[in-house]
*Asks:* 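Take a look at this one; I'll ask things after.
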Amino acid sequence: MPKDPICGMQVDERKAIRVKRDGLAYYFCSGTCKRRFLDQKKTANPQITQSQSNSSYTCPMHPEIEQDHSGDCPKCGMALEPKGVSSDESAEQKEIKTLRRKLWTGLALGFPVVFLALKDMVFPIKFEFISHMVSIWLQLILSTLVVLGAGGFFFTKAWKSIVNRSLNMFTLIAMGVGAAYFYSAMAVLFPRIFPESLKMGGRLNLYFEAAVVITVLVILGQYLEAKARARTGQAIKALLGLAAKNAHRMSDGQEEDVLIEEIQKGDLLRVRPGEKVPLDGIITAGKSTIDESMISGEPIPVEKKEGDQVIGATVNQTGTFVMKTEKVGAETLLSQIVHMVAEAQRSRAPIQGLADKVAGYFVPAVILIAVLTFIIWANWGPLPRLAFALVNAIAVLIIACPCALGLATPMSIMVGVGRGAQMGILIKNAEAIEKAEKITHVLTDKTGTLTEGKPRVTAVVPAQGTNEKELLMIAGSLEQSSEHPLGRAVIDYAKEQSVPLNHVLDFESVTSGGVKGKLNGKIVYLGKRKFIEGIAENLPEDLKNKSVELQKKAQTVIWIVLERQVVGVLGVSDPIKKTTTQAIDALHKMGRKVVMLTGDNKTTAQVIAKDLNIDDVRAELEPQDKQKIVKEFKARGALVMMVGDGINDAPALAEAEVGVAMGTGTDVAIESAGMTLVKGDLNGIVKALVLSRSVMRNIRQNLFFAFIYNALGVPIAAGILYPFFGVLLSPIIAGAAMAFSSVSVVGNSLRLSKVEL
């Protein structure tokens with residue numbers, strides 16, 4: 001009898017839980033042992049997990065920073081994030097919980113400090129039971145817990161910035177808060193070392209309340225930022241939710257239900273009607289139609305047979321088939337899409353370079369201003385000069401903190417990318433967002449983009465002696481047993497016309513030809529002209545001419561034969577989407593030119609272009625022709641957005657300033673495009689352009705908030721208004737202004753989550 005590999009118990013093969021792994025069979029006494037075994041395997045083989053392994057960490061603001069463990073960015077001090085996507089949310093939630101705990105700790109312990117410091121100025125009632133000595137020692141103890149406890153990570157990050165010679169916002173925070181706290185602590189512990197000039201009324205002024213309030217406000221800003229980052233992850237979680245959770249694995253002639261995480265490459269899986277395809281693979285037996293609309297945006301179910309590729313998370317509709325798994329874990333298309341969204345949320349728009357450059361000069365400049373402020377007030381300020389010098393220097397350091405400057409671009413990008421993903425706009429990088437705002441020409445494919453991608457009967461042409469309803473009854477009755485998408489179009493149209501359908505006997509499908517069966521005792525054939533020519537006695541000339549006319553209008557012609565006599569033809573076409581005209585009008589109003597590129601014949605393309613008021617049309621193209629046309633427009637000075645729906649468009653997608661893949665689901669299309677639209681709808685382009693404009697406007701607003709606070713705040717904090725109006729900015733107000741600038745940026749960025757697209 002085999003032994004359980006976890007607990008060592010001997011188990012009965014017939015009753016034990018069986019798992020096949022690495023070509024070996026394992027037997028377990030219980031589900032607990034099985035789960036422990038699989039957890040060990042996940043650690044050894046990261047491909048077992050659905051999401052990409054977090055093997056490296058990077059900074060949202062400085063993507064060039066990468067390391068193999070979590071920590072803080074040596075340049076800006078922000079927490080590093082895993083590169084890729086993790087299904088484990090514990091790290092993200094842990095950061096939020098930690099900051100929430102620090103925030104509540106700071107509030108709970110900081111309030112008594114502020115109360116004790118301001119009680120004599122604010123409250124008319126004298127608290128005689130609290131002596132001055134008790135008050136200052138309580139302030140020291142409580143503020144120590146807040147500043148060095150809850151806010152201790154400020155000083156850790158500041159020290160790293162000095163060691164790495166990359167001064168950042170935490171450098172200023174630590175200097176401002178540290179100056180206020182350590183000065184006050186020394187005043188309590190060693191009051192005799194300070195000169196009398198610093199004393200007012202025989203006592204030294206303490207600034208514990210300033211240090212505490214600033215610490216709490218900065219923690220609040222960090223907490224809001226962490227919450228915002230978590231909120232942008234909702235789109236990724238929704239995408240992960242599309243994946244199947246389990247599958248039917250076939251092994252040694254038996255079928256067992258297993259979790260997706262247990263499946264390996266080469267495993268055979270059975271997929272039944274109505275179920276999701278578990279992972280990416282190839283059909284080895286059976287056939288079906290699969291709804292791939294969540295990937296391709298095409299509403300027509302795709303016929304799949306032995307040897308065809310299937311994509312994980314798509315929905316099987318009509319038949320049962322067996323598939324061989326080819327991609328697992330991070331290799332699957334769905335994981336790649338999720339990874340793309342995560343990467344885009346960390347990427348930076350080129351405009352971020354401006355903020356980074358300014359921040360690089362800003363920090364040392366502010367430190368210099370703080371030093372000059374101290375020197376000027378210490379030598380020429382009113383008495384007590386040292387007290388004024390210290391307070392104003394601290395205020396300069398605090399209000400100049402570039403938190404808002406650092407958040408201005410990344411916050412807008414993160415929220416904007418998340419909003420786009422919610423609306424089916426998957427953005428590969430921030431550069432695509434910035435470039436999309438300036439696009440002048442939209443070059444688009446036709447099928448599935450301008451058209452519905454869903455066939456409909458658009459012409460009914462009966463032969464002499466047959467009427468329309470009789471023709472629809474014959475065709476619709478025969479197609480009831482067919483699984484072909486064109487057959488569904490015939491049935492739907494017959495039902496719309498209230499045509500009753502009859503039962504057909506001896507139905508038979510002829511591969512690549514058509515179908516046949518017995519209707520009311522008579523043999524009926526339906527299919528392509530080539531298939532019908534070998535069956536019908538003759539093809540009427542008027543129907544031949546009509547079929548040619550329909551084909552010129554891009555319609556597929558279906559011939560119907562009853563007892564070797566042609567009874568009529570049906571025209572089935574892919575109608576223009578109802579939203580296409582509206583979308584093209586919207587693009588024209590936005591000042592964009594629309595150009596249609598297609599491999600269809602010129603006559604069909606020109607008819608469609610005229611109906612849609614398209615500015616230019618290029619027909620009968622090869623993939624390389626599309627790329628040449630993109631280069632041609634770029635040579636004229638146009639900024640091009642290329643919209644494609646497959647691998648054949650990949651060269652043009654890569655050539656354009658912004659490539660947009662219409663959700664085809666191919667690796668090449670996704671990698672070549674800056675954006676991917678899950679739905680194959682030209683309205684998605686309009687939404688993408690609106691989103692781009694909104695994000696860039698939001699970034700400019702954020703930069704304005706950041707610069708205006710610093711530009712106005714630093715001179716006021718230095719005391720420039722004092723000679724004229726006697727106005728000074730206390731460290732508390734400076735801290736509140738600094739935090740409010742960050743809150744303004746965060747709040748303004750979060751507005752993008754509600755932008756109308």
Side-chain angles (χ1 to χ4, degrees), residues 289 298-301 303 317-318 451-578 604 607-608 611:
T289 55
E298 298 290 348
I300 303 178
E303 288 190 78
Q317 290 198 325
T318 55
T451 60
E452 285 186 3
K454 184 177 182 180
R456 289 180 55 83
V457 174
T458 49
V460 180
V461 186
Q464 289 186 357
T466 307
N467 59 46
E468 287 191 11
K469 289 206 170 184
E470 184 180 357
L471 181 62
L472 285 173
M473 184 275 292
I474 296 171
S477 298
L478 188 57
E479 290 285 21
Q480 283 184 111
S481 302
S482 172
E483 295 178 354
H484 197 281
L486 294 182
R488 174 52 55 188
V490 174
I491 295 169
D492 290 344
Y493 188 74
K495 289 181 177 178
E496 287 176 13
Q497 302 301 314
S498 302
V499 174
L501 303 180
N502 298 329
H503 184 61
V504 172
L505 301 174
D506 301 331
F507 177 84
E508 182 182 340
S509 176
V510 180
T511 305
S512 300
V515 294
K516 72 175 185 176
K518 278 188 179 180
L519 177 63
N520 299 327
K522 296 181 180 181
I523 299 179
V524 182
Y525 299 87
L526 183 149
K528 299 178 181 178
R529 175 172 173 171
K530 189 176 291 187
F531 172 63
I532 296 301
E533 282 178 335
I535 296 168
E537 293 179 352
N538 65 349
L539 273 60
E541 285 299 322
D542 60 332
L543 292 183
K544 285 183 182 179
N545 295 333
K546 188 63 177 178
S547 68
V548 173
E549 182 183 328
L550 294 175
Q551 286 172 337
K552 287 182 178 179
K553 295 180 179 179
Q555 296 189 33
T556 300
V557 179
I558 299 174
W559 292 75
I560 301 98
V561 173
L562 178 65
E563 290 289 315
R564 295 189 178 276
Q565 295 294 321
V566 176
V567 293
V569 296
L570 299 178
V572 181
S573 66
D574 183 7
I576 294 171
K577 294 178 181 177
K578 294 180 179 178
T604 302
V607 169
I608 293 175
D611 290 343

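Only this structure's heavy atoms are used, side chains among them; waters, hydrogens and symmetry mates stay out. Computed from a predicted model, the values in this text were never measured in an experiment.
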*Asks:* With a cut-off of 3.5 Å and sequence neighbours excluded, list every side-chain donor-acceptor pair involving residues 493-504.
*Replies:*
none

*Asks:* Answer yes or no: does atom CZ of R529 have more than 12 heavy-atom neighbours from other residues, nucleotides or ligands under 6.0 Å?
*Replies:* yes
*Asks:* Quick check: closest heavy atoms across L543 and V461, and the distance to 0.1 Å?
*Replies:* CD2-CG1, 3.7 Å
*Asks:* With heavy-atom distances below 4.5 Å as the criterion, would you say the side chains of I558 and V457 are in contact?
*Replies:* no
*Asks:* Of I535, I560, L562, L478, which meets side-chain contact (heavy atoms from CB on, under 4.5 Å) against Y525?
*Replies:*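 The residue from I535, I560, L562, L478 that satisfies side-chain contact (heavy atoms from CB on, under 4.5 Å) with Y525 turns out to be I535.
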*Asks:* Verify the neighbour count for atom NZ of K530: are there more than 12 heavy atoms of other residues, nucleotides or ligands below 6.0 Å?
*Replies:*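 No - once you tally the heavy atoms of other residues, nucleotides and ligands closer than 6.0 Å, there are 12 at most.
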*Asks:* Shortest non-hydrogen contact from A459 to L550?
*Replies:*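 Scanning both residues, the minimum pair turns out to be CB-CD2, 3.7 Å.
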*Asks:* State the CD-OG1 distance between Q317 and T289, to the nearest 0.5 angstrom.
*Replies:* 4.5 Å
*Asks:* Should the pair D492-R488 be classified as a salt bridge under the 4.0 Å nitrogen-to-oxygen rule?
*Replies:*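 So D492 pairs with R488 through a salt bridge.
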*Asks:* How long is the span from the CD1 atom in I474 to the CG atom in L526, to the nearest 0.5 Å?
*Replies:*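 Separation between the atoms: 10.0 Å.
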*Asks:* Which pairs would a plain distance check flag for residues 462-470, meaning a side-chain donor or acceptor within less than 3.5 Å of a matching protein atom at least two apart in sequence or in another chain?
*Replies:*
| unit_1 | atom_1 | unit_2 | atom_2 | d |
| --- | --- | --- | --- | --- |
| N467 | OD1 | K469 | N | 3.3 |
| N467 | OD1 | E470 | N | 2.7 |

*Asks:* Determine which pairs satisfy side-chain hydrogen bond (donor to acceptor under 3.5 Å, both in side chains) with at least one residue from residues 557-570, sequence neighbours left out, and list them in order.
*Replies:* E537-Q565
*Asks:* Can you tell me how far apart CG (L472) and CD (E479) are? Round to the nearest 0.5 Å.
*Replies:* 11.5 Å
*Asks:* Please name the pair of heavy atoms, one in I491 and one in G476, separated by the smallest distance, quoted to 0.1 Å.
*Replies:*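 Result for this residue pair: CG1-O, 3.9 Å.
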